[in-house]
Enquirer: 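Pasting in a structure now, in structure tokens, and then I'll have a few things to ask.
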Amino acid sequence: MARGGGEWAMPDLLQTLADRLAAAFAQVAPGADPVLRRSDRADFQANGALALAKRLGRPPQEVAEAVVRGADLGDLCERVEVSGPGFVNLTLAADALAEALSTMGADDRLGVARSEPAERVVVDYSAPNVAKEMHVGHLRSTIIGDALVRVLGFLGHEVIRENHVGDWGTPFGMLIEHLLDLGEAAALKELSVGDLDAFYREARASFDADPAFRERSRRRVVLLQAKDPETLRLWQLLVAESVRAFQEVYDTLGVLLRPEDVVGESAYNDQLPEIVAELEAKGLLVEDQGARCVFPPGFTNREGQPLPLIVQKSDGGFGYAATDLAAIRDRVQRLGARRLLYVVGAPQAQHLQMCFAVARLAGWLPEAVDAEHVAFGSVLGTDGKMFRTRAGGTVKLADLLQEAVARAEAALAERGQEDEDPAERRAVARQLGIGAVKYADLATERTRDYVFDWNRMLAFEGNTGPYVQYAHARIRSIFRRAATEPPPRGTRPLLEAPEERALALALVAFPQTVAEVARSAFPHRLCQFLSELASTFTAFYETCPVLRAETEERRQSRLALCDLTARVLAQGLDLLGIAAPERM
RNA sequence: GCCCCCGUAGCUCAGUGGAUAGAGCACCGGCCUCCGGAGCCGGGUGCGCAGGUUCGAGUCCUGCCGGGGGCGCCA
């Protein structure tokens, strides 16, 4: 039964298609999955009939035909046909595509619906260590976490950013003593110039070389844990100076993290005894070699013995597992989170899985709350080994970002126009260089290791930030050149040329792509979408004259397509935390 | 020794159990009185190996091989 065309709001054409197919399959067998996929034979194909046929004991083609007969697709598809062993091939109607683009264009959200219901999501990311430089490992966590925060926020979820910085533990004894040795003023000066690692190394050197220093450091740790006011004050100096340094990097990077998002490990100190007590009360705690542990089922060590999560060390101190458990409890109970995302490197997989398991056992992590390890791989150099400086040291994030901007500026200078304003070039270089670094990180499937390669990430070709930014800037230049505003939002385009139709098909996938990124926590799918949209656009622009279109109607239609594409590119980049310059 | 992740084209990477596995780079060849050539169009190579599950496997399972990581009191 086809509905009449044009009356309904269809902000997300592909969702509508999926819903209609689900209904058609449900008529044949309740709950049957249409298995809707992109197709190279048509626009889409529904493969669900094959699995269903098996279940029903009927021939697949017959099932597929039954689905097609019962499907309400008349207004969406111009062709629906059963093919091969029982595939349902779907070709969208040009009218439906044009209507969808019109609805998308009229919508400030470009067809992306707010998630219903909205969820409270805690995203744990970045997590650098006080008195240490941020390095490439923090880069991945920070960039991926920021993109997820933006995507979830755009979908209407209530996102709580948590920067779980390492601000506690035995090293602080030696750091504080080193601070005292230098004198507060001199120490703060050294820290403020940004060389946190040098400070740490010096402290470490004293610790290793001088037994007296070692002893002072130990006593200082005890004082710190006992909340001695003067010791806390000195510790706070270190924390504040580090948070300030982190914020400089975050600002350069253009991520949403703020000092108030810092919830350091120390924030849970007061709760750690309760954590142990609750575990004890629930009978989960086992004392083993003096340490108090929980042995979650399913985890074994090298001898095949149960693997402990050490909550309290034999010396009475709390392990980081205790802190992580306290954080889970806090996020669920106090913050009311429905979903917890941990943007943490893959090596910590087992630790996190054990924490989740223990939190489930203890009742701190109810079934209704999802805890997900958003794992990512290492950053490698072009030699395939861990990314390091030529001297073999870790690469400071601040230096890396500076180099990105410098390289981008050089690339712009090489090809830039004469009339360029140096200040603007500088600004664009920042957007380009930082964008390139972020995009390169986000564009590969995050669980893989990824190769950090300046030349590749700054190339204006392929799945890169500059390529997507360039496509956007090029579109914006059309309107500058024409000295015209884009047509009214919601202008319904004509889809005549195959390239126009291909562009339309690319555009309508935006809402589903964003939803998929939020669900899977895989930002690379948005990168994939954007680079494909950009290349589909350039093919369109190559073939279809816009400003010199044959008729005014066609010109307006194509300008509307250009505008919608530019808006989707800019919105998509924004969701990745990447700027979309007007010109470059 | 056990556990986890990864292995797709020469290189960098996509690929939610579906039909003939896709991009970009590099290489070759076209398209320029070109709305931004930083472009477009075309050209060929590949799922580490061996089994298994399935109507159907790059995808799921098992075992190998290769790379990386983890494996009690660091965080």
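Here is how names work: the chains are called A, B, and so on, in the same order as the sequence lines, proteins then strands, and each is numbered from 1.
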Enquirer: What closest approach, in Å, do A:A429 and A:V405 show between heavy atoms, and which atom pair accounts for it?
Expert: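 That would be CB-O, 4.0 Å.
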Enquirer: Answer with base, sugar-phosphate or nothing: what part of the nucleic acid does A:T444 contact at a heavy-atom distance below 4.0 Å?
Expert: sugar-phosphate
Enquirer: In chain order, what residues pass the side chain to side chain donor-acceptor pair (under 3.5 Å) check against A:Q556, with sequence neighbours excluded?
Expert: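 Once residues adjacent in sequence are excluded, the partners of A:Q556 under the side chain to side chain donor-acceptor pair (under 3.5 Å) criterion are A:E552.
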Enquirer: Would you find a donor on one side and an acceptor on the other, under 3.5 Å apart, between the side chain of A:T464 and the backbone of A:F460?
Expert: no
Enquirer: Could you tell me the separation between the CZ atom of A:F522 and the P atom of B:C5, rounded to a whole number of Å?
Expert: 12 Å
Enquirer: Which string of ( ) [ ] | and . matches RNA chain B, if you list each base 5' to 3' and count Watson-Crick or G-U pairs only when both distances are under 3.5 Å?
Expert: (((((((..((((....[...)))).(((((.......)))))....(((((..]....))))))))))))....
Enquirer: Scan A:E265 against the nucleic acid and name what it touches under 4.0 Å (heavy atoms): base, sugar-phosphate only, or nothing.
Expert: sugar-phosphate
Enquirer: Would you confirm whether A:S141, through its side chain, and A:H138, through its main-chain N or O, come within 3.5 Å as a donor-acceptor pair?
Expert: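 Not at all, since once roles are kept as given, no pair shorter than 3.5 Å links the two residues.
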Enquirer: Say we look at B:G72 and B:C3: how far apart would their C1' atoms be, to the nearest angstrom?
Expert: 16 Å
Enquirer: What are the residues of residues 468-477 of chain A, sorted by number, that bring a heavy atom to within less than 4.0 Å of RNA chain B?
Expert: A:Y470, A:A473, A:R474, A:S477
Enquirer: From B:U8, B:C73, B:C71, pick the nucleotide closest to the side chain of A:L307?
Expert: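 The closest nucleotide is B:C71.
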Enquirer: Ignoring backbone atoms, test whether A:H524 places a side-chain nitrogen or oxygen under 4.0 Å from the OP1 or OP2 oxygen of B:G15.
Expert: yes
Enquirer: Quick one: on RNA chain B, does A:Y450 or A:I478 contact a more 5' nucleotide (nearest heavy atom)?
Expert: A:Y450
Enquirer: When you get a sec, tell me which of B:G72, B:C6, B:A38 is the closest nucleotide to the side chain of A:L412?
Expert: B:A38
Enquirer: Using the P atoms only, state how far B:C25 lies from B:G66, rounded to an integer number of Å.
Expert: 35 Å
Enquirer: Do any side-chain nitrogens or oxygens of A:R38 fall under 4.0 Å of OP1 or OP2 in B:G15?
Expert: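 No, A:R38 has no side-chain N/O under 4.0 Å of OP1/OP2 on B:G15.
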Enquirer: What's the CG-P distance between A:L14 and B:U16, to the nearest Å?
Expert: 17 Å
Enquirer: Which whole number of Å gives the distance between the P atom of B:U59 and that of B:G24?
Expert: 25 Å
Enquirer: Any side-chain donor-acceptor pair under 3.5 Å between A:Y439 and A:N463?
Expert: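 There is such a pair between these side chains.
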Enquirer: Any side-chain heavy atom of A:S520 within less than 4.5 Å of one from A:R525?
Expert: yes
Enquirer: How are the rings of A:F537 and A:F540 set relative to one another: parallel (under 30°), tilted (30 to 60°) or perpendicular (over 60°)?
Expert: tilted
Enquirer: Please give, in whole Å, the distance from B:C35 P to A:F537 CZ?
Expert: 14 Å
Enquirer: Between A:P545 and A:N129, which is nearer to the 5' end of RNA chain B once each is assigned its nearest nucleotide?
Expert: A:P545
Enquirer: For B:G67 versus B:C28, give the span between their C1' atoms, rounded off to a whole number of Å.
Expert: 34 Å
Enquirer: Using the P atom in both, what is the distance from B:A14 to B:U53, to the nearest Å?
Expert: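 Between the two P atoms, the distance is 31 Å.
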Enquirer: Whole Å only: how far is the CG atom of A:L309 from the P atom of B:C71?
Expert: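 Rounding to the nearest Å, CG of A:L309 and P of B:C71 are 13 Å apart.
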Enquirer: What integer number of Å spans the C1' atoms of B:C49 and B:A57?
Expert: 16 Å
Enquirer: Considering all heavy atoms of both residues, which atom of A:V263 and which atom of A:Y268 are nearest to each other, and what is their separation?
Expert: CG1-OH, 3.5 Å
Enquirer: Write down the distance between CG (A:D315) and C1' (B:C74), rounded to a whole number of angstrom.
Expert: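 It is 12 Å, rounded to the nearest whole Å.
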Enquirer: Between B:C5 and B:C40, how far apart are the P atoms? Round to whole Å, please.
Expert: 38 Å
Enquirer: Please report, rounded to the nearest Å, how far the C1' atom of B:G56 is from the CZ atom of A:R37.
Expert: 14 Å
Enquirer: Restricting to nitrogen or oxygen on both sides, can you table the protein-nucleotides 40-46 of chain B pairs closer than 3.5 Å?
Expert:
| unit_1 | atom_1 | unit_2 | atom_2 | d |
| --- | --- | --- | --- | --- |
| B:C40 | OP1 | A:Y467 | OH | 3.4 |
| B:C40 | OP1 | A:T538 | OG1 | 3.2 |

Enquirer: Name all residues meeting the side chain to side chain donor-acceptor pair (under 3.5 Å) criterion together with A:D43; count only those two or more places apart in sequence or in a different chain, and write none if there are none.
Expert: A:R501
Enquirer: Taking any heavy-atom pair under 4.0 Å as a contact, classify A:A443: base, sugar-phosphate, or nothing.
Expert: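 Contact class for A:A443: none.
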Enquirer: Would you kindly give the CG-to-P distance between A:L325 and B:C73, to the nearest whole Å?
Expert: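 The distance from CG of A:L325 to P of B:C73 comes to 17 Å, rounded to the nearest Å.
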Enquirer: Please answer whether the main-chain N or O of A:L526 pairs with a side-chain N or O of A:T513 as donor and acceptor at a distance below 3.5 Å.
Expert: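 Checking the backbone N and O of A:L526 against the side chain of A:T513, no donor-acceptor pair under 3.5 Å is found.
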Enquirer: Using the 3.5 Å cut-off, write out each protein N or O paired with an N or O of nucleotides 67-70 of chain B and the distance between them.
Expert:
none

Enquirer: With sequence neighbours excluded, tell me which residues meet side chain to side chain donor-acceptor pair (under 3.5 Å) with A:Q15.
Expert: A:D19, A:Q512
Enquirer: Are A:L576 and A:K438 packed together at the side-chain level, in the sense that at least one heavy-atom pair is separated by less than 4.5 angstrom?
Expert: no
Enquirer: Between A:L325 and A:L309, is any pair of side-chain heavy atoms under 4.5 Å apart?
Expert: yes
Enquirer: How is A:C527 classified with respect to the nucleic acid when contacts are heavy atoms under 4.0 Å: base, sugar-phosphate, or nothing?
Expert: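 It contacts nothing in the nucleic acid.
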Enquirer: Would B:G72 be called syn or anti here, given the cut-off of 90° from 0?
Expert: syn
Enquirer: Within the structure shown, what part of the strands sits under 4.0 Å from A:R480 by heavy-atom distance: base, sugar-phosphate, or nothing?
Expert: base
Enquirer: Ignoring hydrogens and angles, write down the donor-acceptor pairs under 3.5 Å from the side chains of residues 166-177 of chain A, residues two or more places apart or on other chains.
Expert:
| unit_1 | atom_1 | unit_2 | atom_2 | d |
| --- | --- | --- | --- | --- |
| A:D167 | OD1 | A:E265 | N | 3.1 |
| A:D167 | OD1 | A:S266 | N | 2.8 |
| A:D167 | OD1 | A:S266 | OG | 3.4 |
| A:D167 | OD2 | A:S266 | OG | 2.6 |
| A:E177 | OE1 | A:R216 | NE | 2.9 |
| A:E177 | OE1 | A:R216 | NH2 | 3.1 |
| A:E177 | OE2 | A:R220 | NE | 2.7 |
| A:E177 | OE2 | A:R220 | NH2 | 3.2 |

Enquirer: With A:H178, which residues qualify under ring-ring contact (aromatic ring centres under 6.0 Å, His included), at least two apart?
Expert: A:F199
Enquirer: Side-chain contact test, heavy atoms from C-beta onward, threshold under 4.5 Å: evaluate it for A:L569 versus A:I475 and give yes or no.
Expert: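 In contact.
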Enquirer: Distance between the P atoms of B:G48 and B:G36, in whole angstroms?
Expert: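 These two P atoms come out 45 Å apart once rounded.
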Enquirer: What's the closest nucleotide to the side chain of A:E445 if the choices are B:G72, B:C35, B:G15?
Expert: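 The answer is B:G15.
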Enquirer: Examine A:R38 relative to A:F44 and say whether NZ or CZ is less than 6.0 Å from the centre of the six-membered ring and inside a 45° cone about the ring axis.
Expert: yes
Enquirer: Protein within reach of the bases, or only the backbone? For nucleotides 19-26 of chain B, mark each nucleotide 5' to 3' as B, S or -, using heavy atoms under 4.0 Å.
Expert: BB---BS-
Enquirer: Please work out if A:V451 contacts a base, only the sugar-phosphate, or nothing of the nucleic acid, heavy-atom cut-off 4.0 Å.
Expert: sugar-phosphate
Enquirer: A:P308 has a side chain; which of B:G72, B:A38, B:U12 sits nearest to it?
Expert: B:G72
Enquirer: Could you state the CE-P distance from A:M354 to B:C3, rounded to the nearest angstrom?
Expert: 16 Å
Enquirer: Return the set of residues passing ring-ring contact (aromatic ring centres under 6.0 Å, His included) with A:F295 (not counting sequence neighbours), or none when no residue passes.
Expert: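 Here no residue qualifies.
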Enquirer: Could you work out, with side chain to side chain donor-acceptor pair (under 3.5 Å) as the rule, every residue matching A:R519, not counting sequence neighbours?
Expert: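 A:R519: side chain to side chain donor-acceptor pair (under 3.5 Å) contacts with A:E516.
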